[in-house]
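Proteins get letters first, then strands, A, B, ... in listed order; numbering begins at 1 in each.
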There are 2 protein chains.
Amino acid sequence: MRSASDLTARARIRDAALARFGTDGIAGTSVRAVAADAGVSPALVVHHFGSKEGLRQACDDYVLDSIRSGGAAASEALGEVLQAATPVRRYLARALLDDTPAAGALFAEIVDRTQAWLAAGEDEGWVRGCADARARAVTYVSWLLAPLVLGNHVGRLLGGDPAETTTAVRGTRAGLEMLTNGLFADDRWLAAFTAIDERKHR
Amino acid sequence: MRSASDLTARARIRDAALARFGTDGIAGTSVRAVAADAGVSPALVVHHFGSKEGLRQACDDYVLDSIRSGGAAASEALGEVLQAATPVRRYLARALLDDTPAAGALFAEIVDRTQAWLAAGEDEGWVRGCADARARAVTYVSWLLAPLVLGNHVGRLLGGDPAETTTAVRGTRAGLEMLTNGLFADDRWLAAFTAIDERKHR
DNA sequence: CTAAGTATTGAACACATGTTCAGCCGGTGT
DNA sequence: ACACCGGCTGAACATGTGTTCAATACTTAG
């Protein structure tokens with residue numbers, strides 16, 4: 001475990017920014033606050049990153065790299081993300097909401113990988129067929145991302161602190177059950193939706 | 001359809017704030033910008049709402065009311081939310097991420113309702129049983145909320161603009177398919193997860 | 001019509017923000 | 001020994017922020 005003090009100042013600033021951006025949002029975080037957290041003068045952060053925007057991009061690049069390098073060839077495309085360090089997760093959630101280009105690219109990349117993974121599973125017989133593979137991949141990724149984005153609320157309701165493993169486990173297990181056995185015992189909702197949809201398209 | 005100009009200034013300010021807060025985040029929105037959108041002086045917004053914080057609370061109350069009154073006794077507990085006006089949706093997503101007390105209360109309330117709804121369905125036989133009803137309700141709500149929070153990215157990948165119905169339909173349908181038929185054809189992931197979990201707890 | 005009260009504004013204030021700049025410190029090469 | 005150069009800082013600047021306040025327009029009651 002690295003201690004904060006033996007990192008280069010540049011890295012300390014990046015880590016502090018990651019944490020603060022994730023907690024308070026990018027607009028809600030001041031350069032001064034980041035500098036203070038890193039034990040550094042505000043002038044140094046702009047010396048290293050050019051501007052606040054530059055700092056944000058550095059954060060984008062950092063989480064992008066740490067996710068991509070994490071397990072490019074891993075089977076479960078998103079498993080790595082969910083197990084990344086918590087500040088990274090929170091920052092990722094913020095970035096996705098703030099809709100930065102980097103976040104969009106990352107989301108698209110995750111979806112692509114997941115779609116390929118699901119297609120492979122379909123070939124091998126352990127994933128069911130479906131009408132719209134693209135839509136399914138997008139929806140599936142959204143679902144995996146959801147507890148991450150809503151982590152605070154989910155954690156609060158499931159007891160224990162949000163970062164803790166044991167609370168995430170309950171949600172993950174419940175999700176897996178739904179994905180394996182299904183949630184609804186008959187197709188009443190699916191049929192109802194299809195009916196409405198067709199009526200609208202006529 | 002009401003036009004913007006025949007609303008009371010107070011309502012215009014609230015609507016403008018709702019939209020801007022949802023788009024740019026609360027910290028990223030200035031009182032002046034809201035005032036300009038509402039065609040009003042900055043001084044008036046604080047005259048009506050006391051402070052920027054007061055304005056945010058008014059927005060919280062507004063979406064809370066419009067959701068609660070929308071369909072308190074409706075069957076699908078969250079269906080109303082997803083069909084609410086788009087600015088409200090975007091604001092709700094922001095509020096959930098910013099973790100305001102009001103948002104937390106709303107999330108808890110939605111989960112409670114959903115859990116009751118699922119329990120009823122279980123009694124009536126159209127919802128499958130499960131090990132952890134609470135966790136399932138929380139996860140289910142997260143899933144329904146996910147496309148809302150990640151709306152931009154989902155919409156972009158599914159084509160068309162995010163607010164449009166036709167793009168949301170694809171995702172919703174894919175989701176319903178997964179919830180009805182299941183996604184995985186066998187229980188390899190569920191079994192694997194259970195195995196890991198048990199090993200950890202021994 | 002007058003009085004009262006509310007809606008609304010323009011100008012101002014105090015403060016926080018992102019950014020700049022001239023300079024200091026400490027190590028490295030010559 | 002010197003010069004040099006990158007990490008680093010304190011003070012300053014311009015601007016944008018939330019908020020205040022006195023004063024004006026507008027509506028409504030007596």
[X]/[Y] ion pair, N-O < 4.0 Å:
X: A:R136; Y: A:E122; value: yes
X: A:R20; Y: A:D37; value: yes
X: B:R94; Y: A:D98; value: yes

Hey, can you tell me if B:W126 and A:W189 have their rings parallel, tilted or perpendicular (30° and 60° cut-offs)?
-> perpendicular

Could B:R56 and B:F49 be counted as a cation-pi pair, given that NZ or CZ must be under 6.0 Å from the ring centre and within 45° of the axis?
-> no

Using only heavy-atom distances, decide whether a donor-acceptor pair under 3.5 angstrom links the side-chain of B:R32 to the base of D:dG16.
-> no

Specify the separation, in whole Å, of atom CD1 of A:I13 and atom C1' of C:dG18.
-> 15 Å

Could you state the atom-to-atom distance from CG of A:D24 to C1' of C:dA16 in whole Å?
-> 15 Å

Between [options], which nucleotide has the shortest distance from any of its atoms to the side chain of [X]?
X: A:S30; options: C:dT17, C:dT8, D:dT9; answer: C:dT17
X: B:V40; options: C:dT9, D:dG10, C:dG18; answer: C:dT9
X: B:P42; options: D:dT9, D:dT19, C:dG10; answer: D:dT19

Within residues 44-61 of chain A, find the residues that approach DNA chain D with a heavy atom at under 4.0 Å, and present them sorted by residue number.
-> A:L44, A:H47, A:H48

Spacing of B:T194 atom OG1 and A:R173 atom CZ [to the nearest 0.5 Å] | 4.0 Å

